[in-house]
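Protein chains get the first letters and strands the later ones, always in sequence-line order, with residue 1 at the start of each. If you're wondering where the values come from, they're calculated on a predicted model, not measured in any experiment.
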Amino acid sequence: MLDKTYQPSELEHRIYTAWEAANSFACGQPGRIAAGARPYTIVIPPPNVTGSLHMGHALNNNLQDILIRFERMRGRDVLWQPGTDHAGIATQMVVERQLMEKQEPGRQAMGREKFLKRVWAWKAESGGTIINQLKRLGASCDWSRERFTMDEGLSEAVLKVFVDLYREGLIYKDKRLVNWDPVFQTAISDLEVEQREVNGHMWQFAYPLVEGPVDGIAEIIIATTRPETMLGDGAVAVHPSDERYKNLIGKLVRLPIAERHIPIIADEYPDPEFGSGAVKITGAHDFNDFEVARRNDIPLIPLMDSQARMIVTPENNVPKHYEGIDRYEARKLVLKEIEELGFYRSVEEKIIAQPFGDRSGVVIEPMLTDQWYVDAQTLAKPAIQAVESGKTEFVPKNWEKTYFEWMRNIQPWCISRQLWWGHQIPAWYGPDGEIFVAHDEDEARALASKYYGEDKPLIRDPDVLDTWFSSALWPFSTLGWPEQTPELERYYKTDVLVTGFDIIFFWVARMMMMGLHLMKDGQGQPEVPFHTVYIHALVRDEAGAKMSKSKGNVMDPLEMIDEFGADALRFTLSAMAAQGRDIKLAKSRVEGYRNFGTKIWNASRFLEMNECVRVENFDPGALTQGVNKWIAGEVEKAAGAVTAGIEAYRFNEAAGAIYRFVWNIFCDWYLELIKPALQGDDEEAKAETRATAAWALDQSLILLHPFMPFITEELWTRLGERGPARDTMLILAGWPETKGLVDAPAEAEFDWVIRVVSEIRSIRAEMNVPAGAKVPVSVLGAGEATRARLEANRDALTTLARLGAISTSDTAPRGSVQFVLDEATFALPLEGVIDISAETGRLNSEIEKIGKDISQIDAKLANENFTSRAPEHVVEEQRQRKADAEAVVAKLKDALKRLEAAS
RNA sequence: GGGCGGUUAGCUCAGCUGGAAGAGCGCCUGGUUUACACCCAGGAGGUCGGCAGUUCGAACCUGUCACCGCCCACCA
């Protein structure tokens with residue numbers, strides 16, 4: 001016997017273990033392959049090994065699991081390929097912090113090899129956290145295939161791609177300005193930089209002309225938000241059209257403090273309208289200035305070391321006392337000294353945009369360094385084309401625009417990181433700096449000795465690759481590439497990629513580029529990694545703010561699972577996953593959908609109590625009882641809606657369809673309607689009804705399973721204990737197929753029953769009829785069909801509307817409340833209960849309301865334009881509506897007369 | 001500056017191809033109807049942001065304005 005309420009916490013673990021024990025998640029099941037099942041593949045967006053499950057993961061993986069469970073039940077050979085990402089910076093950070101907390105020697109003191117051992121040890125110990133959390137959510141990944149971006153095989157793939165792209169000229173080394181993170185002391189890519197508006201200042205300084213005034217101008221005023229960078233200025237630029245400075249171009253100014261002479265140059269970059277119109281050019285510490293300096297052959301003068309501390313070089317001529325001080329200390333010092341020297345002109349407060357490292361949270365310093373780059377522009381071309389041609393489609397479609405926008409303006413991708421944790425760059429340097437890129441050291445040595453004609457010592461590049469470099473290979477590296485494995489053959493290309501829009505650039509774009517460059521289809525043409533990219537919303541808090549630890553508005557999915565169960569959380573996320581909108585998640589929604597679980601639980605309990613047991617070879621197409629025919633049709637309609645919803649990635653609609661079916665049709669009406677039959681003594685009808693109820697519940701469990709896998713599996717098992725043995729666990733049960741079960745007469749009949757009962761209930765409530773009172777009903781002007789329906793559903797109507805005797809007659813009893821339904825008028829004798837004048841008022845206002853409808857329709861129909869231009873069926877519909885409304889009004893007027901006659 | 005999205009019930013949001021405004025939560029009124037109070041029944045509540053247009057017909061299409069988000073690029 002089922003308990004009164006569902007207790008998720010007790011069961012979820014047990015059910016998950018049972019699925020795993022039955023090997024339900026594994027791809028390539030022999031039975032399916034033998035049956036010719038087509039593959040269906042999703043690769044998981046690999047969470048960081050350091051990660052723990054947040055709401056975004058929960059949504060993302062929930063949607064993937066819905067697709068996977070759905071296709072699995074539809075008979076496909078599904079592979080949900082799981083794994084984790086080594087997450088370079090994040091992981092290194094975690095371990096370094098740990099060393100600090102334990103007061104152990106830091107990374108540098110420890111040395112590379114020992115430190116990496118520590119990171120691996122950490123990974124072995126704590127790296128599985130998020131995987132276990134995914135399991136708690138119910139994710140049915142093929143865990144036997146779990147991969148890690150630094151696995152041997154995946155590292156092999158990274159190595160091969162790097163070497164191949166290098167040899168093709170698509171990877172190269174370059175010295176240019178990069179975004180430098182002074183905390184992690186590494187370069188980061190443009191995408192890892194976040195522009196933030198902060199309160200800042202804009203100062204104005206004067207640089208005096210070396211050779212004295214020209215046109216009466218003795219000094220040139222420059223503006224800066226970063227005074228310390230003036231020490232590295234290589235020029236002052238003015239716009240060539242700026243009349244004020246025309247005669248100054250080519251002259252030298254004296255750079256205070258550094259005491260260098262720098263030229264005034266003409267360049268298109270300065271805006272004559274802004275400030276003084278003159279811009280100081282610090283080519284080594286500003287991206288715009290870098291371009292100006294390059295164009296004009298102005299030297300780039302570095303000012304800082306890897307921690308953004310000032311350096312003193314013959315080149316920059318910075319005074320000794322700046323050596324080693326932090327850039328912000330240097331700023332103060334420059335301001336002070338400039339003022340003392342008399343070159344300080346003004347300051348204003350200003351909101352300025354500054355670049356911050358997205359992980360470190362400190363201001364990024366543009367630095368001139370040697371780094372490795374991918375020629376993204378070349379790789380982007382096929383990736384753009386693949387989306388233009390529809391080989392890969394975004395859902396919703398509007399994200400394609402974002403993708404195109406970025407891809408068409410793509411910059412070289414800086415892939416080297418000055419970290420230790422990651423894939424070390426397979427490049428070796430000779431004593432003269434010559435580069436040898438090779439799969440291993442032996443190959444590099446061979447290349448070097450060929451190049452030099454003798455053996456020379458080589459040093460390996462200490463840097464590692466951007467984490468996203470290996471992620472870009474994920475859809476095929478996880479399947480065994482570069483080996484030509486059977487899995488690669490069978491499951492690539494993958495089907496759908498499910499992800500949030502925040503990583504379209506980081507990940508989706510790069511997978512497209514790498515996939516198209518490296519993978520070929522059967523015809524030898526470049527193959528996309530997936531045909532569909534489903535972009536889901538971001539999960540926000542109740543007020544619409546991004547959830548973040550610092551704001552303290554984080555809703556922990558695991559806490560939700562503990563409190564309400566994984567199914568409740570999953571259903572909430574599904575029901576709210578409408579396309580193109582953020583999800584504002586409130587706890588009350590989760591609670592509400594927990595109640596939905598309880599509802600189906602109790603419906604199952606009801607069937608159990610009433611011995612509604614599954615019957616072998618049950619045929620829903622061969623039913624005799626109207627109510628059963630009706631529910632069979634409703635099951636089919638619900639199945640169609642759920643199927644269509646998932647197929648179209650309209651998860652909220654699919655969830656809504658099964659919710660409405662289970663609660664508002666199956667529980668609210670069907671179970672109530674069959675109560676008389678279940679308690680009656682027509683054994684044949686009872687048997688059919690029991691079997692039908694059991695079947696309809698089974699179908700509900702199937703349709704609900706992708707959304708609420710745990711409770712449905714539990715009920716499937718528990719209910720299965722009573723009937724003939726089940727063939728499979730629910731997770732592997734077959735998805736409903738259309739069988740033409742919708743029976744129009746049954747549909748019309750039960751639509752009528754529902755309307756009759758609802759009308760009567762409404763009137764009872766309005767008239768304050770005591771709940772226990774049985775009210776007789778007299779039906780006037782009933783046609784054949786109505787008489788038959790009244791007869792067939794006598795018991796159900798009596799129970800649901802709490803009626804006394806039901807009769808048909810031509811005259812209404814005295815003091816009746818009357819309502820019109822189709823051709824018939826229903827009269828409830830409530831003499832003594834009703835207030836005749838109030839009732840008259842009610843009928844009159846009803847007539848008035850319908851009258852308004854009628855005049856509206858009349859206006860439409862009287863409009864020549866409408867009748868001639870609107871489609872025939874629309875016009876006909878309006879005519880029909882009018883006729884129906886008029887018939888109702890006529891009957892209401894009759895009812896009114898009868899009421900008056902009675903008083 | 002460029003782009004994307006939003007504005008519908010008190011709150012959170014659906015509303016697909018233009019053809020009679022919807023859900024959940026909340027609120028109000030009833031309820032010991034032998035599955036379920038995590039429930040049942042009934043009810044109130046909307047100028048679909050403003051304006052203009054297209055159309056026989058607009059929450060939906062177009063334009064425009066207002067406000068609110070987000071992304072990208074930024075004037076030193």
Please determine, for the side chain of [X], which listed nucleotide ([options]) has the closest atom?
X: A:K599; options: B:rC72, B:rG42, B:rA35; result: B:rA35
X: A:N602; options: B:rA35, B:rG15, B:rG42; result: B:rA35
X: A:K4; options: B:rA37, B:rG19, B:rG42; result: B:rA37
X: A:E877; options: B:rA35, B:rA20, B:rC38; result: B:rA20
X: A:R650; options: B:rC74, B:rC16, B:rA35; result: B:rC16
X: A:A771; options: B:rA35, B:rG31, B:rA76; result: B:rG31
X: A:K280; options: B:rA14, B:rU12, B:rA76; result: B:rA76
X: A:V279; options: B:rA20, B:rA76, B:rU33; result: B:rA76

Grab the [atom1]-[atom2] distance between [X] and [N] for me, whole Å please.
X: A:Q856; N: B:rG57; atom1: CD; atom2: P; value: 14 Å
X: A:Y6; N: B:rC36; atom1: OH; atom2: C1'; value: 16 Å
X: A:L800; N: B:rG42; atom1: CG; atom2: C1'; value: 15 Å
X: A:R722; N: B:rA35; atom1: CZ; atom2: C1'; value: 13 Å
X: A:Q354; N: B:rA73; atom1: CD; atom2: C1'; value: 17 Å
X: A:F651; N: B:rC13; atom1: CZ; atom2: C1'; value: 18 Å
X: A:K401; N: B:rG5; atom1: NZ; atom2: P; value: 8 Å
X: A:F287; N: B:rC74; atom1: CZ; atom2: P; value: 9 Å

TODO: Determine the interplanar angle of the A:W663 and A:F596 rings, folded into 0 to 90°, and report it as parallel if under 30°, tilted if 30 to 60°, perpendicular if over 60°.
DONE: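 The rings of A:W663 and A:F596 lie parallel, inter-plane angle below 30°.
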Could you tell me how far [M] sits from [N] if I compare only their [atom1] atoms? Round to whole Å.
N: B:rG49; M: B:rG15; atom1: P; answer: 15 Å
N: B:rG50; M: B:rG10; atom1: P; answer: 14 Å
N: B:rG24; M: B:rC39; atom1: P; answer: 12 Å
N: B:rA44; M: B:rC65; atom1: C1'; answer: 35 Å
N: B:rA59; M: B:rG22; atom1: P; answer: 13 Å
N: B:rG5; M: B:rG30; atom1: C1'; answer: 44 Å
N: B:rG46; M: B:rA52; atom1: P; answer: 23 Å
N: B:rU64; M: B:rG26; atom1: C1'; answer: 37 Å

Does [X] have a side-chain nitrogen or oxygen under 4.0 Å from the phosphate oxygens OP1 or OP2 of [N]?
X: A:S762; N: B:rG43; value: yes
X: A:N595; N: B:rC39; value: yes
X: A:K774; N: B:rU33; value: no
X: A:K587; N: B:rC25; value: no
X: A:W663; N: B:rC40; value: yes

Open item on the list: Keeping A:H201 on the side-chain end and A:W203 on the backbone end, is there a donor-acceptor pair under 3.5 Å?
Closed with: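 Checking the backbone N and O of A:W203 against the side chain of A:H201, no donor-acceptor pair under 3.5 Å is found.
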Identify whether any heavy atom of [X] sits under 4.0 Å from a base atom; if not, whether one sits that close to sugar-phosphate; answer base, sugar-phosphate or nothing.
X: A:K860; result: nothing
X: A:D271; result: base
X: A:Q679; result: nothing
X: A:G277; result: base
X: A:E766; result: nothing
X: A:P770; result: nothing

Before accepting this row, confirm whether a basic side-chain N of the pair [X]/[Y] lies closer than 4.0 Å to the acidic partner's carboxylate O.
X: A:R295; Y: A:E268; result: no
X: A:E839; Y: A:R842; result: yes
X: A:R594; Y: A:E591; result: yes
X: A:E365; Y: A:R226; result: yes
X: A:D751; Y: A:R755; result: yes
X: A:E877; Y: A:R881; result: no

Partner lookup for [N], please. Criteria are Watson-Crick or G-U wobble with both distances under 3.5 angstrom; report none if nothing qualifies.
N: B:rG63; answer: B:rC51
N: B:rG69; answer: B:rC4
N: B:rA23; answer: B:rU12
N: B:rA58; answer: none
N: B:rU34; answer: none
N: B:rU29; answer: B:rA41

With hydrogens left out and only the distance checked, is there a donor-acceptor pair under 3.5 Å joining [X]'s side chain and the base of [N]?
X: A:R594; N: B:rC38; answer: yes
X: A:R589; N: B:rU12; answer: yes
X: A:E672; N: B:rA35; answer: yes
X: A:T598; N: B:rC38; answer: yes
X: A:E591; N: B:rC38; answer: no

Open item on the list: Return whichever of A:S604 or A:F505 has its heavy-atom-nearest nucleotide of RNA chain B closer to the 5' end.
Closed with: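 Closest to the 5' end, via its nearest nucleotide, is A:S604.
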Task: Earlier contact from the 5' end, RNA chain B, for A:T867 and A:L191 - done: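 Going by which nucleotide is closer to the 5' end, it is A:T867.
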Open item on the list: When you compare the side chain of A:W669 with that of A:V757, does any pair of heavy atoms fall below 4.5 Å?
Closed with: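 When only atoms from C-beta onward are counted, A:W669 and A:V757 do touch, with a gap below 4.5 Å.
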- [ ] Name every residue in residues 881-889 of chain A that has at least one heavy atom under 4.0 Å from any atom of RNA chain B, in order of residue number, or write none if there are no such residues.
- [x]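 Within residues 881-889 of chain A, the residues near RNA chain B are A:R881.
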- [ ] Determine, for A:F356 and A:R196, whether the Lys NZ or Arg CZ falls below 6.0 Å from the six-membered ring centre while staying within 45 degrees of the axis.
- [x]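 Cation-pi check for A:R196 and A:F356: passes.
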Task: Name of the residue among A:R722, A:K4, A:R718 meeting salt bridge (charged side-chain N to carboxylate O under 4.0 Å, His left out) with A:E608 - done: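 Answer to the salt bridge (charged side-chain N to carboxylate O under 4.0 Å, His left out) test with A:E608 among A:R722, A:K4, A:R718: A:R722.
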Open item on the list: Regarding A:Q7 and A:S9, do their side chains bring together a donor and an acceptor under 3.5 Å, going by distance alone?
Closed with: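 On atom types as modelled, these side chains do not qualify, holding no pair under 3.5 Å.
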